[in-house]
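Worksheet for the structure shown next.
So that the names make sense, note that chain A is the first sequence line, chain B the second, and so on, each numbered from 1.
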Amino acid sequence: MSDLRFMFAQLLSSNIPPDRTDLSAETIVSVVITGISVVFIGLIILIVLVSLYGKIFEGINKSAEAKAKAKAEAEAAAKAKAAETEVKAAPAPATAPAPAVEDGIEEEVVAAIMGALSAMYAGSGKKPVLKGVKAAKPRRSAWSAAGIMDNTRPF
Amino acid sequence: MSDLRFMFAQLLSSNIPPDRTDLSAETIVSVVITGISVVFIGLIILIVLVSLYGKIFEGINKSAEAKAKAKAEAEAAAKAKAAETEVKAAPAPATAPAPAVEDGIEEEVVAAIMGALSAMYAGSGKKPVLKGVKAAKPRRSAWSAAGIMDNTRPF
Amino acid sequence: MSDLRFMFAQLLSSNIPPDRTDLSAETIVSVVITGISVVFIGLIILIVLVSLYGKIFEGINKSAEAKAKAKAEAEAAAKAKAAETEVKAAPAPATAPAPAVEDGIEEEVVAAIMGALSAMYAGSGKKPVLKGVKAAKPRRSAWSAAGIMDNTRPF
Amino acid sequence: MAIIQSFWNTLTQLAQESGFAGFFADGGWKNIIMILISFVFMYLAVGRGFEPLLLLPISFGMLLTNLPNADMYHPEFWEYYEKFEEDAGTVNDHYIDYQRILEHGGLLDILYMGVKLQIYPPLIFLGIGAMTDFGPLIASPRSFLLGAAAQGGIFFTFVGAAVLNMSAADCASIAIIGGADGPTSIYVSSQLLTKHSACSVGTIALAAYTYMALVPIIQPPIMRALTTKKERSVVMGQLRPVSRLEKLIFPVLVTLIIALMIPSAAPLVGMLMFGNLLKESGCCDRLVKTAQNELMNIITIFLGVTVGATTQADKVISLDFGKVMLLGVVAFSLGTACGLLLGKLMYVLTKGKINPLIGSAGVSAVPMAARISQKVGQEEVPTNYLLMHAMGPNVAGVIGSAVAAGVLLAIVK
Amino acid sequence: MAIIQSFWNTLTQLAQESGFAGFFADGGWKNIIMILISFVFMYLAVGRGFEPLLLLPISFGMLLTNLPNADMYHPEFWEYYEKFEEDAGTVNDHYIDYQRILEHGGLLDILYMGVKLQIYPPLIFLGIGAMTDFGPLIASPRSFLLGAAAQGGIFFTFVGAAVLNMSAADCASIAIIGGADGPTSIYVSSQLLTKHSACSVGTIALAAYTYMALVPIIQPPIMRALTTKKERSVVMGQLRPVSRLEKLIFPVLVTLIIALMIPSAAPLVGMLMFGNLLKESGCCDRLVKTAQNELMNIITIFLGVTVGATTQADKVISLDFGKVMLLGVVAFSLGTACGLLLGKLMYVLTKGKINPLIGSAGVSAVPMAARISQKVGQEEVPTNYLLMHAMGPNVAGVIGSAVAAGVLLAIVK
Amino acid sequence: MAIIQSFWNTLTQLAQESGFAGFFADGGWKNIIMILISFVFMYLAVGRGFEPLLLLPISFGMLLTNLPNADMYHPEFWEYYEKFEEDAGTVNDHYIDYQRILEHGGLLDILYMGVKLQIYPPLIFLGIGAMTDFGPLIASPRSFLLGAAAQGGIFFTFVGAAVLNMSAADCASIAIIGGADGPTSIYVSSQLLTKHSACSVGTIALAAYTYMALVPIIQPPIMRALTTKKERSVVMGQLRPVSRLEKLIFPVLVTLIIALMIPSAAPLVGMLMFGNLLKESGCCDRLVKTAQNELMNIITIFLGVTVGATTQADKVISLDFGKVMLLGVVAFSLGTACGLLLGKLMYVLTKGKINPLIGSAGVSAVPMAARISQKVGQEEVPTNYLLMHAMGPNVAGVIGSAVAAGVLLAIVK
Ligand code: NA
Ligand code: NA
Ligand code: NA
């Protein structure tokens with residue numbers, strides 16, 4: 001197989017050496033056409049696959065959501081029950097009185113703040129209580145995402 | 001000396017080359033016995049030494065504690081007096097009005113929060129005042145230690 | 001030119017090989033005099049240049065300050081107007097109700113706090129509101145600068 | 001007397017070894033010009049806010065490298081030369097002597113190893129992946145097409161450079177500027193450029209970051225010229241929400257498809273998607289935080305200052321630098337135009353459901369290009385929120401550039 | 001016409017160099033299987049929460065390394081080969097050509113240097129030391145015995161592997177999985193394994209981290225089987241407080257004793273104790289913070305993805321992989337059992353003052369194994385707090401594994 | 001029986017390879033003394049707070065390197081030796097074989113590469129620059145003179161060391177201790193010292209950091225002895241505010257002038273000023289934060305522990321170590337005195353406007369030396385705030401030391 005590949009490579013030899021300057025018109029055009037085609041082919045394959053699993057998941061998601069909700073509730077109940085007897089990780093906010101979080105603030109945000117506080121308390125054996133988190137009127141998520149990237153990602 | 005060692009090494013040559021596959025029963029058993037013995041010998045030496053200095057320190061600690069307490073009090077008094085005239089580092093909370101810290105919260109935690117705040121203020125020439133820190137009911141230190149490790153150390 | 005330099009280097013050859021031990025009195029004295037002179041020459045050149053541009057800027061700064069103030073005010077007004085329609089980055093505090101900041105607290109400090117809070121909120125699409133920042137009575141900037149360095153820079 | 005002689009000798013020697021003397025050596029005046037150019041870029045970075053995170057380190061590296069006799073960077077160490085390899089019995093004509101670099105290299109040579117060993121750009125992509133939300137792209141996969149189209153700028157610029165009779169390595173390196181992606185440009189150019197090339201990695205990076213900073217100036221006129229008022233006024237609906245599982249599968253799928261199609265794109269795409277998978281997993285937050293921040297910052301400092309160090313006076317002060325800057329802006333503009341034109345086509349095909357303005361975001365330059373789409377769209381319909389829709393082509397453009405980079409690396413070698 | 005020919009040639013060439021073509025090459029199907037296995041481990045890491053910080057990078061490295069033609073990792077560069085060293089006049093049969101790696105290595109080769117140069121595992125131990133509180137061990141030094149006993153699993157597994165006719169390097173590498181300590185396993189296996197070995201560093205690491213994640217499933221049945229209800233019901237008193245000075249002397253003492261006894265354990269134990277000394281000193285907080293977080297995270301990313309890259313299809317898709325996984329779980333179980341049995345002995349000798357359940361924590365797997373002791377103990381006496389007592393053997397197990405690693409490295413070489 | 005024999009053999013072998021056996025080898029007793037000395041420095045660092053961030057890592061490196069047979073650091077790998085270079089046809093008498101170090105080096109050898117490749121000290125200077133406010137120096141440029149004068153200690157100590165018949169490399173390395181600047185000392189000594197030298201990088205660093213910690217004890221008596229009560233009572237006015245633009249131009253200007261005058265100072269001064277430019281730019285905060293913290297901490301850990309590792313028993317347990325410590329304190333005291341004397345001169349020239357106490361701050365040792373000036377000044381006039389005025393000479397001292405280092409490197413080579 002590899003012999004075959006080598007032979008082919010010899011035959012075709014369409015690689016361009018980096019220091020070559022007088023590129024023929026065919027070579028140039030071929031680079032352009034190949035390049036654009038390959039980029040399109042690659043991304044079209046991705047479109048097909050992403051669309052495909054997007055559709056599959058749309059169906060799954062709907063039923064999964066319902067399930068997940070039920071499960072989460074059950075788990076929360078179980079956890080609350082187990083809280084007295086079970087070993088708990090320090091930054092697990094579940095066992096502390098739930099902070100008063102304004103509607104619409106994602107749990108991750110609260111967790112992030114809890115994490116930051118817990119890290120400060122690390123090793124102290126104390127646990128901080130988050131009393132409440134307020135958010136300003138939420139803007140559309142994409143704005144803030146772009147804003148964050150603008151500040152963090154001009155690479 | 002090193003000649004002697006070399007000679008011995010030749011004589012004994014109990015190293016096993018990594019690629020050797022047909023290990024004799026003696027070799028295998030010898031590895032097991034040596035391995036277990038050496039691990040035990042090493043850790044038993046540590047037990048002896050740690051116990052030993054543990055006992056020595058138990059005595060020292062008691063008298064040291066008393067001394068340290070007296071010294072700390074004296075120092076605190078001296079510091080308070082010197083505070084007006086002496087050069088103070090920005091994040092030194094001593095010169096700022098002492099934040100209202102709940103009993104049982106270690107000073108390091110407060111220092112950590114002060115540090116974080118001070119870092120934000122770095123270069124501004126301003127000094128934040130920490131108004132107060134509250135901790136949830138402290139759990140037993142080992143729980144939270146395990147909790148912290150669980151989140152930080154599964155390597 | 002490089003030939004010339006090489007010839008000179010040969011002629012002079014005042015480099016001292018690192019392992020040379022019996023350094024002659026002239027060599028030693030020459031090292032001392034050269035060393036001190038070069039350090040002084042270098043730093044005196046810097047004195048001249050820094051003083052020079054210091055004086056130039058003192059003039060410029062005064063007029064610039066006035067201009068900058070006027071411009072900043074104009075910009076702030078323009079921004080406030082554009083705020084409803086323009087895309088805004090999440091951590092841009094301009095569009096949120098301005099936090100009540102005590103006089104004399106640099107804007108950077110407020111920005112730093114906003115930045116820290118925004119980072120926590122990253123990806124959540126929410127925006128924190130900074131209600132207010134208070135600083136303790138500012139001490140002279142050099143104290144805190146020295147204090148910070150003392151904690152951060154004994155290298 | 002002997003002391004005075006000795007003192008004088010030492011002083012003369014120091015003077016001769018000084019950088020001032022270097023200015024009077026052959027071509028020393030070029031260093032002065034380069035230092036002045038570095039000041040211009042410092043001003044652009046600090047005074048005008050042109051991508052300061054990269055342009056400031058690059059311009060300082062440019063200053064350091066052009067200080068005569070400071071020997072912080074040795075271009076001759078990085079020239080490929082020929083070596084007969086006894087074991088293999090063949091001549092290796094891409095030999096770099098790392099033993100020599102470790103022994104005699106200056107600070108910037110040592111740090112530049114991370115560029116030449118091709119580790120800095122993929123690690124920056126790791127951090128970018130850890131910061132990127134591919135949700136808008138997953139919700140609207142056809143955005144990939146716009147991300148692909150905008151890479152047209154890359155390939156058409158290849159033609160332009162070839163027509164100017166530049167070497168294949170130069171053509172590819174200049175063309176990739178059209179990808180509007182710094183790490184990708186550095187990745188490609190540091191692999192292709194040789195001592196015979198007209199460009200250096202630094203000039204390519206300078207051009208790329210300069211034009212990325214100029215996106216708000218370059219793109220809007222092209223966007224207004226190529227679209228009609230009616231097209232720009234299209235209001236697009238909301239994107240569907242994307243589930244966590246879809247976001248988890250996406251990076252794996254993209255790695256698989258792209259790395260299998262174009263193996264030379266694997267390091268960039270692989271690391272981008274690795275970072276994204278870490279982020280979306282939700283269970284590796286400490287790794288994600290470090291990849292986004294400290295690791296990325298350390299590498300940005302090293303990358304910037306060493307890439308700047310490659311801007312040798314000889315490379316920059318020549319007609320070729322002008323060609324790079326000229327072709328760079330052509331590449332950028334063509335990329336914008338290609339994205340817009342495909343956007344127009346999609347406008348027609350979807351019977352007016354797609355606003356062609358989101359096409360220009362396909363050049364990458366995340367997130368600025370997407371914000372430009374938003375802004376130009378709002379000029380027509382103030383309540384039109386195109387940003388979310390433009391983020392799809394925008395992140396698709398990052399993937400597209402990496403693929404295009406892989407293609408160029410596969411063809412030119 | 002010529003253009004079409006040229007286009008077709010280029011396209012054919014790209015297709016032949018693509019990873020898809022690689023799947024049809026000799027043994028290409030193995031890569032497909034490996035990629036599928038990598039998906040399984042990704043699922044375990046993300047979906048089931050199996051040590052995701054390590055298993056996710058490892059599994060992604062596994063994916064990248066098995067993409068044909070991506071050339072991100074070259075196993076052949078890391079095979080020892082023979083070189084006649086003219087200076088010494090001897091043959092070096094462990095020669096690795098670093099010049100070649102720097103010249104031709106892929107991204108994962110370059111990052112893997114940190115594994116092969118033996119710097120990642122000690123630096124992770126630095127971070128672990130900076131996070132560990134040895135207080136419970138100092139308060140109750142006899143815990144060391146349990147930490148020693150649990151290493152029995154390592155040595156008994158050596159027998160098992162030898163009986164299966166594996167090479168000495170394989171035996172030692174598999175056995176060390178019983179130490180339940182990832183960096184130690186990687187440290188030992190990356191030093192011992194050669195091209196003739198059946199395992200790779202990656203498979204050893206995969207097994208170690210998988211079983212560490214399975215501790216809550218593997219240990220409890222063994223614990224219940226080997227102890228009586230009466231033994232499990234022992235309530236242990238409070239540990240004495242430990243003074244700062246004791247905590248300061250401890251790391252120095254352990255370094256001294258262990259590194260003098262088993263010099264090959266010095267890098268691991270030395271760095272573990274260096275980190276701990278920094279922490280306990282109380283005056284190096286900024287260094288401690290970085291060692292615990294950023295340094296550790298950076299190295300974890302690099303370590304995980306490169307260790308994953310060593311899982312070559314040839315190494316993994318064979319009977320030997322099954323052996324590794326089988327012997328790994330045996331090693332783990334034996335370690336647990338040995339710890340428990342010594343716990344039982346101590347129960348007898350102390351006339352019922354020691355709860356044997358804390359013995360199983362001696363395998364290390366900090367802090368999960370100690371929490372399992374706690375949990376199983378609470379099944380009998382809900383108010384019994386064994387955790388603090390189990391932390392002693394638990395951290396002793398880390399030291400014990402490092403010592404055992406040193407012994408194996410000293411014997412097999 | 002064979003098993004017992006085999007067990008005994010293995011045990012004997014392990015015993016012979018142990019560090020305990022090493023203590024009985026030739027010169028093994030020296031290692032014991034070195035380990036005891038490392039304990040002394042650990043005590044100074046932790047117990048007495050002597051520059052713990054550096055002295056604790058250094059002393060732990062000292063412990064690790066003196067554990068016999070641990071092989072974590074190999075001094076012989078770092079000795080320059082001669083190699084005939086075929087390509088050049090010349091003998092390279094400063095040859096270090098990096099291939100050998102990568103193949104056979106221990107953990108500390110690998111980390112020490114960062115010292116020998118001269119990258120750790122400049123990167124620490126990057127962080128220092130990112131933390132330093134040159135405002136007081138810009139407001140009062142004549143402070144540069146005091147920063148220059150205090151470097152007199154360096155050159156006068158050179159005389160002392162030469163009189164004691166030390167080699168040129170030793171003289172320069174010891175002299176630079178007078179600069180009161182750790183990274184600069186390490187930078188100079190790691191370049192100059194050879195295997196024939198009496199000192200090691202570690203002993204130079206130990207002396208430098210010890211005396212930096214002793215600044216509050218060494219300086220005040222000298223300050224009181226050399227100044228009159230009247231001089232010490234001078235109250236200095238407020239410094240003018242410095243504009244942002246001045247702060248931005250300063251680092252560029254200093255880089256340009258110093259690197260052109262003394263190219264060998266370019267890496268240190270260049271990185272110091274690069275860090276400062278990043279800071280003053282105000283638009284690279286994420287890079288500044290990383291340069292100040294994580295990057296600096298990582299390098300501090302590596303630098304400390306590896307520099308400590310160079311303290312070989314042979315180098316330290318000799319009369320020469322005493323000479324280093326003695327000459328080190330002489331260098332420090334002379335530097336302080338030179339600064340003060342120029343301060344007195346400026347007091348006269350300005351007719352009593354300058355308090356000569358700020359002259360002693362010129363040794364660098366930022367910010368402790370400036371605080372000592374403040375403190376000694378307040379002994380006379382409790383409301384006198386000299387700190388701001390002393391910060392000028394203090395940061396000028398950093399630049400001055402780097403220049404002096406460049407001069408020494410240019411002369412001795
Ligand atoms: Na792009
Ligand atoms: Na263990
Ligand atoms: Na100095």
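With a 4.5 angstrom heavy-atom cutoff, E:Ile257 touches chain B only via side-chain atoms. Contact of E:Ala370 with chain B is not made at all, since no heavy-atom distance falls under 4.5 Å. Both the backbone and the side chain of E:Ala149 have a heavy atom closer than 4.5 Å to some heavy atom of chain B. Both the backbone and the side chain of E:Ile138 come within contact range of chain B, with heavy atoms under 4.5 Å apart. Heavy-atom distances place both the backbone and the side chain of E:Ile249 under 4.5 Å from chain B. With a 4.5 Å cut-off on non-hydrogen atoms, B:Ile36 touches chain E through its backbone and its side chain both. Using a 4.5 Å cut-off between heavy atoms, E:Met261 contacts chain B through its side chain alone, with no backbone atom that close. Only the side chain of E:Ile262 comes within contact range of chain B, with heavy atoms under 4.5 Å apart. Only the side chain of E:Leu342 comes within contact range of chain B, with at least one heavy atom under 4.5 Å from a heavy atom of that chain. If you measure heavy-atom distances from B:Ile47 to chain E, the contacts under 4.5 Å come from both the backbone and the side chain.
Between chain B and the options E:Leu137, E:Asp170, E:Val254, E:Ile399, heavy-atom pairs under 4.5 Å are most frequent for E:Val254. Comparing E:Val159, E:Leu192, E:Val403 by heavy-atom pairs within less than 4.5 Å of chain B, the highest count is held by E:Val159. Interface summary for chain E: among B:Pro18, B:Gly35, B:Ser51, B:Pro17, the most heavy-atom pairs under 4.5 angstrom belong to B:Pro18. Between chain B and the residues E:Ile258, E:Leu253, E:Ile154, E:Val407, the most heavy-atom pairs under 4.5 angstrom are made by E:Leu253.
Residues E:Cys199 and E:Leu193 meet the side-chain proximity criterion, which asks for heavy atoms closer than 4.5 Å.
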- Message: Test side chain to side chain contact (heavy atoms under 4.5 Å, CB included) on E:Gln374 and E:Tyr385; report intermediate values, then the result.
- Response: CA-CA 6 Å; E:Gln374 160 72 18; E:Tyr385 291 101; 3.9 Å; yes
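The distance from the OH atom of E:Tyr120 to the OG atom of E:Ser190 is 11.5 Å, given to the nearest 0.5 Å. We find the CG-CG distance between E:Leu303 and E:Leu53 to be 12.0 Å, quoted to the nearest 0.5 Å. In this structure, CG on E:Leu260 lies 10.0 Å from CD1 on B:Ile45, to the nearest 0.5 angstrom.
Listed by first and then second residue, the ring-ring contact (aromatic ring centres under 6.0 Å, His included) pairs that reach into residues 28-51 of chain B come to none, sequence neighbours excluded. Residue pairs meeting the ring-ring contact (aromatic ring centres under 6.0 Å, His included) criterion with at least one partner in residues 388-413 of chain E, sequence neighbours excluded, do not occur; the list is empty.
Using cut-offs of 30° and 60° for the angle between ring planes, the E:Phe134 and E:Phe250 rings count as tilted.
A donor-acceptor pair is defined here as one N or O able to donate and one able to accept, closer than 3.5 Å; such a pair exists between the side chain of E:Asn394 and the backbone of E:Ser364.
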